[in-house]
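Presented below is the structure to which this report refers.
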Amino acid sequence: MEIDRAIAACDDKRLKTKYNNAVYVIQRTLALYAIEEVAFSFNGGKDSTVLLHLLRAGYFLLKKDEKNLDEGQTDQRFRFPMRTIYFESRSAFPEINSFTYETANAYDMQLDIIRQDFKSGLDGLLKTNSIRAIILGVRIGDPTAVGQEQFSPSSPGWPPFMRVNPILDWSYRDVWAFLLNCKVPYCGLYDQGYTSIGSIYDTVPNAVLGIQNPSTSKDEYKPAYLLSDGRLERAGRIKGLSHQVCGNISSSTGLDCSESHRNCVPSASIIGVGDEILFGDVEDLLGPALCKKIHSIGWSVTQFNIIVNDIDSVAEGVEQQKSRNDMVFIYGGVGPLHSDITLAGIAKALGVRLAPNEEFEEYLWHIMGYQCTGDRNEMAQLPEGVTELLHHENLAVPLVKCENVIILMATNISELDKEWNSLLELARSSRLLMLVDPFVSNSFTTTLSDVEAAQSLLALRIDYPDLFIGCYRKSRSGPLVITIECKDQARIQSASEALMKKFELGTLSKID
Ligand SMILES: Cc1cc2nc3c(=O)[nH]c(=O)nc-3n(C[C@H](O)[C@H](O)[C@H](O)COP(=O)(O)O)c2cc1C
Ligand SMILES: Nc1ncnc2c1ncn2[C@@H]1O[C@H](COP(=O)(O)OP(=O)(O)OP(=O)(O)O)[C@@H](O)[C@H]1O
Ligand SMILES: [Mg+2]
């Protein structure tokens, strides 16, 4: 088999090991599942091209052993044995599309083209076929690889199947060593400086490979295999700015706090991570305390969620909340234990990998000493390229901020107080948090029933649509508490007077 021969002939020991391991995973898959139960997810990218040839090699080596055939008998052009799926999107590069089709033709692959999003497409595929395992070219540096192993069930909320990742532990260098050693065709875009290919809207040639042609003075790009630092593989993938802003004044890196915006209301969301809270074993005190702190600086808290210790659940929560709020505060699930998955979830949500952060490691080393070396420095892995360390003299370890997500390390109220006070001090000297006016509010109680009070409150709501009007009871039989709130003292005064007029004398009293 030409691939196996090429690897045997090369003198790259590391590549040989990677190749053998990947072939082993493929053969394990074929032992665990019938061939009709397995699909290959192929998209013409470099990683899936590697996988294509590994699958061919793995399958043919297996058949060779089973049937006791010699090299010559197995080396003919076989039909590629496995159902292959390609999610074709309108925003795919034409070069990727044509490479995918040409390759399918060249290796006689049974290609199913799916023109739906991943989830719906997979749903349909699984309903109409016996597929139980899907083989992917995901590698450890990919943002979507966070938390995955060579065999990983699909994520919660996805159709049920086993994800098989034979090249999970391959580096960028390994991929190119394989493609070049085996002399297999790959998509031409990689020779034009593209190092990882997404859609036409989010992918450009990798600037690190840019050169200027001295004779034409034009910008050109070296081929992808010349990228020496694999960590920059995704530098040509443009990430859209996602998060919502207060008015339209903040950016993804910091929040404006100019005078004219002092009375705006930035929004925050709080995420607590902890099975123990959801099991009811531990009462969460941090979340409510944080709500109070955030509200006290004139921000609004739009959501407060407790999430299980699960990477995908945290990723989903963070992804959703970061795009809807100016800041997300997250606590719990941070540390070196198996259940400490918060940072991995954040990395997944931000589309980056976790990578060692030397500066953070240094801090940990100071407080943990020898315990923080070798395998035990897991805590020093932070989302790569998006992390900012927030230093303050009162904190033994800096807080971590990833885009607009702040990770609090506190485990109790006094630690939270310390971290919060440090954050506020930092906010005063930097653009960390937008400093705005606090809310002003008036509170009232009424002995009227909800039904009796409803009409007057609705009328106030219509006259003062800019005000927050909140109502709650401490008990069904007790009084109703009404709070009106905004950032303008005069407006609160006027609304308070209007409210008093709407209630009959003696039925509404102001709380001082
Ligand atoms: C066959 C297949 C299965 C997938 N299964 C999952 C999954 O279980 N969980 C998940 O979060 N994403 C899943 N995805 C989505 C990928 O993680 C990822 O979003 C996609 O490959 C786009 O990657 P890119 O942004 O690097 O282009 C799957 C994608 C494919 C093609
Ligand atoms: N549109 C798609 N159709 C089928 N499989 C896909 C698709 N997009 C991604 N995949 C699967 O997910 C894997 C990882 O995708 P990713 O984009 O990281 O790798 P790649 O496309 O092979 O290489 P590159 O990183 O250079 O783009 C692919 O190897 C493939 O198995
Ligand atoms: Mg790709």
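None of these values were measured; they are calculated from a predicted model. Read the numbers this way: they start at 1 and go in the same order the structure lists the ligands and their atoms.
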Do the side chains of Arg163 and Glu149 get close enough for a salt bridge, i.e. N-O under 4.0 angstrom?
no

For ligand 1, indicate whether the residue Leu136 contacts it via side chain, backbone, both or neither (heavy-atom separation under 4.0 Å).
side chain

Can you measure from OH (Tyr201) to OG (Ser91) and round to the nearest 0.5 angstrom?
6.0 Å

Counting from 1, what ligand 1 atoms have a heavy atom of Ile134 closer than 4.0 Å?
1 (C)

Below the 3.5 angstrom mark, is there an N/O of Asn43, backbone or side chain, next to an N/O of ligand 2?
yes

Taking only non-hydrogen atoms of Leu122 and a 4.0 Å limit, the atoms of ligand 1 in range are 1 (C), 2 (C), 3 (C)

Would you say the ring centers of Tyr186 and Phe99 fall short of 6.0 Å from each other?
no

Give a yes/no on ligand 2: does Phe118 have at least one heavy atom closer than 4.0 angstrom to it?
yes

Test applied, side chain to side chain donor-acceptor pair (under 3.5 Å); reference residue, Ser269; option that passes from Lys322, Gln321, Arg324
Gln321

Taking 4.0 Å as the limit for heavy-atom contacts, which would you say applies to Met162 with ligand 1: side chain only, backbone only, both, or neither?
neither

Could you see which bit of Phe161 sits under 4.0 Å from ligand 1, with heavy atoms only: side chain, backbone, both or neither?
side chain

Side chain, backbone, both or neither: which part of Ile85 has a heavy atom under 4.0 Å from ligand 2?
backbone

Within a distance under 4.0 Å of any heavy atom of Thr195, pick out the atoms of ligand 2 and give their elements.
26 (O)

Of Ser48, Ala39, Gly141, the one whose closest heavy atom lies nearest atom 22 (O) of ligand 2 is Ser48

Does ligand 1 have an atom that lies less than 4.0 angstrom from a heavy atom of Lys119?
no

Using 30° and 60° as the class limits, which term best fits the ring planes of Phe304 and Tyr331: parallel, tilted or perpendicular?
tilted

Does the plane of the ring in Tyr172 sit parallel, tilted or perpendicular to the ring in Trp176? Use 30° and 60° as the thresholds.
perpendicular

May I ask you to identify, for Ser155, whether its side chain, its backbone, both or neither come under 4.0 Å of ligand 1 on a heavy-atom basis?
both

If I apply the N/O under 3.5 Å rule, does Asp312 come out as touching ligand 1?
no

Do Ile114 and Glu88 come close enough that some side-chain heavy atom pair is under 4.5 Å?
no

Do ligand 2 and Ser41 have nitrogen or oxygen atoms that lie under 3.5 Å from each other?
yes

My understanding is that we take every heavy atom of each candidate and find the minimum distance to atom 13 (C) of ligand 1. Doing that for Trp158, Phe40, Phe42, Phe118, which one comes out nearest?
Trp158

Within ligand 2, which atoms have a heavy atom of Asp142 less than 4.0 Å away?
18 (O)

What I'd like to find out is whether the side chain of Tyr225 reaches to under 4.5 Å of the side chain of Asp191, using heavy atoms alone.
yes

Given Gln148, Arg234, Lys348, which one has a non-hydrogen atom that is nearest to atom 11 (O) of ligand 1?
Lys348

Spacing of Leu390 atom CG and Glu419 atom CD [to the nearest 0.5 Å]:
10.5 Å

Does the pair Lys46/Glu233 count as a salt bridge with the N-to-O cut at 4.0 Å?
yes

With respect to Phe87, determine whether any N or O atom, backbone or side chain, lies less than 3.5 Å from an N or O atom of ligand 2.
yes

Does the side chain of Phe329 reach to within under 4.5 Å of the side chain of Ile407, using non-hydrogen atoms?
no

Just wondering, do Val38 and Ile131 contact through their side chains at under 4.5 Å, heavy atoms?
no

Ligand 2 and Gly198, any nitrogen or oxygen pair closer than 3.5 angstrom?
no

Sole residue of Asn181, Asp4, Asp174 in side chain to side chain donor-acceptor pair (under 3.5 Å) with Tyr19:
Asp4

Considering both backbone and side-chain atoms of Tyr86, is one of its nitrogen or oxygen atoms within less than 3.5 Å of a nitrogen or oxygen in ligand 2?
no

At less than 4.0 angstrom from any non-hydrogen atom of Tyr190, what atoms of ligand 2 do you find?
23 (O), 24 (P), 26 (O), 27 (O)

Give the ring-plane orientation class for His391 versus Tyr363, where under 30° counts as parallel, over 60° as perpendicular and anything between as tilted.
tilted

Check ligand 1 against Thr144 and write out every atom of the ligand that is under 4.0 Å from a heavy-atom position of the residue.
16 (C), 17 (O), 18 (C), 19 (O)

Numbering the atoms of ligand 1 from 1, which are under 4.0 Å from a heavy atom of Arg237?
24 (P), 25 (O), 26 (O), 27 (O)

Please indicate whether any nitrogen or oxygen in Ser154 is less than 3.5 Å from any nitrogen or oxygen in ligand 1.
no

Going by the atom numbers of ligand 2, which of them fall below 4.0 Å from some non-hydrogen atom of Leu136?
11 (C), 12 (O), 31 (O)

Tell me, which pairs form a salt bridge (charged side-chain N to carboxylate O under 4.0 Å, His left out) where one or both residues lie in residues 332-352, sequence neighbours left out?
Asp312-Lys348

Number the atoms of ligand 2 from 1 as they appear, then name those within less than 4.0 Å of a heavy atom of Gly45, with their elements.
20 (P), 21 (O), 22 (O), 23 (O)

